[in-house]
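We name chains A, B, ... by the order of the sequence lines, and we start the count at 1 in each one.
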Amino acid sequence: MPRLGMVIDLKKCAGCYACVAACKSEHATPPGVFWCRVVKQETGTYPRVRRSPLPLACMHCADPPCEQVCPTGATQKRADGVVFIDYTQCMGCRACMIACPYQARYFLAELRPYYEGQGLTPYEQFHNATNGYVEGTVTKCDFCKDRVDAGKEPACVANCPGKARYFGDLSDPDSEISRLVRDRRGLQLHPEFGTNPSVYYLPI
Amino acid sequence: MEKTPASAGLLVDERGGLRFEAQSQWRVLMLVAFFTGGLGAGVYVASWALNFVPGMILGLFLVAVVKGGAHIAYLGRPERCWRALKRPRTSWISRGLIGMAIYVVCGTLYVIFRLPPLGWVSVAAAVVVMSYAGYLMAFSPAIPFWNSSLLPVLFLVFSAESGTALAIPLYATFTRGVIQPLEMVETLLLVLVGMIVFSYLYGAYHSSLSARESVLLLMRGSLGALFFIGVVLFGFVVPLTLAFLNGAGTASLVSMWLAAFLVIQGALSFRWVILRAGVYAPPRY
């Protein structure tokens, strides 16, 4: 059984936010909701310091705590490892948001328009309907499962100008991402929580 | 133990400190739900031990109406709340809801029909209601401060303490009776709460950077004032002093109600500072 995963090469990432824009464009998430985001990270001590970008999103953990705490079964994991939310089942208890060590989840209190006072544009209405966003539920990155099912890469991977992101099957030892993780010692965020994320980072 | 900023990829703020983000999802409504659940189930158990029906009714009302209402008001899609019964195998919310349902149904039937087996089942379910919020928080690995096996114990003991504190003056007001054993139990619970709170905070301070940040957050600023004045002084020291000064069975009704009020506000303040001090561990690899 495949285990879909992603590798982010921090040496190549320029912090340009193209992944954030591509994700917004693909999923038309409401204002304030960022399935993909980039934070700046500082390492080292003066005078040897480095400020570098750290792209963050749902880690699609092999043992997702969000799925375990979900009381309704709205958060589910597919056979290929993609963790997604069934908006028709979510009751908005937000236990998953508390449980997620990566703060990858957002609560859709209301489907706010991008242009305040003008209501939802036809573009927003279309995407809210097609993506199934429901007010009062929690939302997060779904690894672009519709694109993946159609044989494409997730939008953030396809649109990264620095080719810093790789997508593939972690369970296949010969796949590109497995080789990258192995050869360049890919690291997971918060390994101490035992969630076994499917997103690896290649250190600078 | 988490590494220091110099040796690991950690987020830092403008001043070079670690950027800890406080949880912002569980606030007033969850506080009301957690608190009234513990208080209601606690007063029910104490009243059951005394065979004191008004106390049991109050306990059932607090859980069924106030706690249930706060949960419903908090949910984004309250009409789907029944779905929370679906995952008791892994979710503490499901377990808590099932426990709450058993408690309310069996407790109500016990108050009406007075069948002892119903009483035992309702008390067992009340213990689940008293402690499940602690389990719910303790099973949240993202917030290391809460991720402690002492938290469910703390919630259970705090609930028993505040419930007993309310049952004592309530019983005395209704029946003019004195219940020395329960007053002694209350004093013991107060001491136990003090010991567990200290152990919990000491353990958290020495467990990880994030948990340590939470402990420091809890002792600084407005949270610190609430902790030291609301929890430690008026929720622990003053009621304990009152208990020792009065001695078991000799307290006046006014002093009993005052002690109950102080203990209950202490339990409420403690839950609030614990909720507010919960911070996520910054992303690191």
Side-chain angles (χ1 to χ4, degrees), chain A residues 10 39-46 48-52 54 56 59 65-75 87-103 105 107-110 134-138 186-195 197 200-201 203-204, chain B residues 1-14 16 18-19 21 23-26 30 71-72 74-98 136-137 139-144 146-147 208 210 275 278 280-285:
Chain A
L10 296 177
V39 296
K40 299 296 162 132
Q41 175 189 229
E42 285 178 20
T43 48
T45 46
Y46 180 82
R48 290 173 175 270
V49 291
R50 183 194 290 268
R51 187 170 170 85
S52 50
L54 180 67
L56 294 169
M59 299 287 143
C66 54
E67 190 215 9
Q68 288 165 23
V69 301
C70 178
T72 66
T75 296
Y87 300 118
T88 63
Q89 291 196 49
C90 178
M91 65 173 189
C93 69
R94 286 162 265 179
C96 53
M97 295 178 72
I98 294 288
C100 176
Y102 311 101
Q103 298 164 64
R105 290 171 167 252
F107 181 62
L108 293 174
E110 56 174 334
V134 179
E135 285 185 348
T137 62
V138 173
L187 300 166
Q188 296 165 309
L189 285 187
H190 284 310
E192 74 275 18
F193 292 142
T195 56
Y200 283 79
Y201 292 85
I204 297 168
Chain B
M1 191 74 174
E2 290 164 28
K3 294 173 188 172
T4 58
S7 58
L10 284 164
L11 290 180
V12 291
D13 64 19
E14 295 72 22
L18 283 171
R19 190 198 295 160
E21 203 166 311
Q23 72 85 17
S24 58
Q25 294 305 320
W26 287 354
M30 289 303 276
H71 277 309
I72 292 289
Y74 174 76
L75 291 180
R77 307 294 301 185
E79 75 278 11
R80 297 177 183 170
C81 63
W82 63 271
R83 289 182 182 275
L85 295 166
K86 287 172 64 179
R87 299 280 302 279
R89 204 172 53 82
T90 59
S91 166
W92 272 103
I93 292 182
S94 287
R95 291 168 190 166
L97 182 60
I98 291 169
L136 179 61
M137 292 167 73
F139 277 79
S140 301
I143 299 175
W146 296 352
N147 197 209
S208 71
S210 309
L275 278 177
Y280 294 100
R284 76 173 185 88
Y285 46 81

First locate atom [atom1] of [X], then atom [atom2] of [Y], and finally report the distance between them rounded to the nearest 0.5 Å.
X: A:Met97; Y: B:Tyr280; atom1: CE; atom2: OH; value: 6.5 Å
X: A:Thr88; Y: B:Arg83; atom1: OG1; atom2: CZ; value: 6.0 Å
X: A:Met91; Y: B:Tyr74; atom1: CE; atom2: OH; value: 10.0 Å

Worksheet item: chain A heavy atoms under 4.5 Å from B:Trp82: which part of the residue, side chain, backbone, both or neither?
Response: neither
Item to complete: Measure B:Phe139 against the heavy atoms of chain A and call it side chain, backbone, both or neither at under 4.5 Å.
Response: backbone
Heavy-atom distances under 4.5 Å only: say whether [X] touches chain B with side chain, backbone, both or neither.
X: A:Cys100; result: backbone
X: A:Tyr46; result: neither
X: A:Leu108; result: neither
X: A:Tyr87; result: backbone

Discussion item. Let's test your reading of the structure: which of A:Glu135, A:Gln188, A:Gln103 forms the most heavy-atom pairs below 4.5 Å with chain B?
Written reply: A:Gln103
Discussion item. Between A:Ala109, A:Pro203, A:Pro191, A:Cys90, who has the most heavy-atom pairs with chain B when the cutoff is under 4.5 Å?
Written reply: A:Cys90
Item to complete: Could you check if a side-chain atom of B:Leu97 sits within less than 4.5 angstrom of a side-chain atom of A:Pro71, using non-hydrogen atoms only?
Response: no
Worksheet item: Any side-chain heavy-atom pair from B:Met30 and A:Ile98 closer than 4.5 angstrom?
Response: no
Worksheet item: Does A:Thr195 have any side-chain hydrogen bond (donor to acceptor under 3.5 Å, both in side chains) partners at least two apart in sequence or in another chain, and if so, which?
Response: A:Tyr102
Worksheet item: Is the backbone N or O of A:Ala99 less than 3.5 Å from a side-chain atom of B:Ser140, with the two atoms forming a donor-acceptor pair by type?
Response: no
Practice prompt. Check whether any side-chain N or O of B:Arg80 sits under 3.5 Å from a backbone N or O of A:Gly92 as a donor-acceptor pair, and report yes or no.
Written response: no
Item to complete: With sequence neighbours excluded, tell me which residues meet salt bridge (charged side-chain N to carboxylate O under 4.0 Å, His left out) with B:Glu79.
Response: B:Arg77
Item to complete: Give the minimum heavy-atom separation between A:Thr72 and B:Ala84, together with the two atoms involved.
Response: CG2-N, 4.0 Å
Worksheet entry | Smallest separation among heavy atoms of A:Ala95 and B:Trp26, with atom names | CA-CZ2, 4.0 Å
